[in-house]
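Since we're looking at a predicted model, the values are computed, not measured. Atoms within each ligand, like the ligands themselves, are counted from 1 in listed order.
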Amino acid sequence: MHVLLVEDEPGIANVITKGLGEAGYTVSVAPDGNTGLQMALSHSYDLYILDIMLPGMNGMELCTLLRKAKDNKPVLMLTALGTTENVVAGLEKGADDYLVKPFKFSELLARMKALLRRSAGNFIEGNKLRISNLELDTDARIVQRDHTEIHLTSTEYRMLEYMMKNQRKVISRMDLLENVWGVDFNMATNVVDVYVNYLRKKVDRDFEPKLIHTVIGMGYILKDS
Ligand code: CA
C-alpha cells in the first residue's frame, strides 16, 4: 500500500511516515500542494493524506483537482483544531474522511484502514465490479471467482449485479424483488431466498471468503469481512 502524504510541517510528516512505515505502508511525502499534485498525477497511490493548510495550493484545492482528474482513491484530510468549516468544505470537495490535529496515531491508522477497506470493496473499474476475488464484467456479463468463470442464469446474474453494486449494505428481500424481478408484486418473498441459495451454491460454496451473508430479520448483505 502506497500512501501520499501532503504535509508541510516536517515534525508531523516524520511521525506519520515513521508510524505508517512500521505498520507496513510505503509513504511518499510532498511538502506543498503543487508538489503533491505533480506526484499524484505521475504515480499511482492507494490513499492520500492531505493537510488542509499548505503553502501554495491548499489541501482542499488539491482534493478538487484530484477528483477532476478522475482519481477516486480515498482522501483523508488533516485539519487544525476548531476549524470545522474546513471539514465541511473538505468533504464537499470530495474528501472521504478527516482527522483533527492533534490526533492519535492509532486513530489515523484506524481511519485509513476503514477507507482502504471501503475503497477495495467498492472497486469499480470501467465495466468491472469487484469484491474480494469475485469479479463481474457488466459488458460481457461474465462472472469470475478466483479466476474461475461461473455460469449464472439471467435472474441470478441480475441479482448478483445488484448485490455487487450495493455491496456492504443490507439489502431487503423487497429491494431484491423490485430490482431483480422489476415488479412490485405481492409475491412471496421466499422466491428471493430460493435464488439467493442458488447464487450461494455457485458463487460462495466452493470459494473463500464467503461473501453472501444473511442478516436475520432484514435480508442479505454482500461483504468480505
Ligand atoms: Ca500545514
**OP:** Go through the steps to decide whether K210 and E208 satisfy the test salt bridge (Lys or Arg N to Asp or Glu O under 4.0 Å), and finish with yes or no.
**Re:** CA-CA 5 Å; K210 303 301 176 208; E208 291 295 335; 3.4 Å; yes

Original post:
How far apart are the C-alpha atoms of R67 and D96, what are their side-chain angles, what is the distance that settles it, and do they pass the salt bridge (Lys or Arg N to Asp or Glu O under 4.0 Å) test?
Top reply: CA-CA 11 Å; R67 295 314 189 214; D96 298 284; 2.9 Å; yes

Original post:
Could you go step by step and tell me if D224 and R168 meet the salt bridge (Lys or Arg N to Asp or Glu O under 4.0 Å) rule?
Top reply: CA-CA 8 Å; D224 60 350; R168 288 162 212 284; 2.9 Å; yes

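Heavy atoms from other residues, nucleotides or ligands lying under 6.0 Å from OH of Y45 number more than 12.
Side-chain N/O atoms of Y220 and D193 include a donor and acceptor closer than 3.5 Å.
Sorted by chain and number, the protein atoms of type N, O or S within less than 3.0 Å of the Ca ion (ligand 1) are D8 OD1, D51 OD2, M53 O.
Without hydrogens or angle criteria, D146 side chain to T148 main chain gives no donor-acceptor distance under 3.5 Å.
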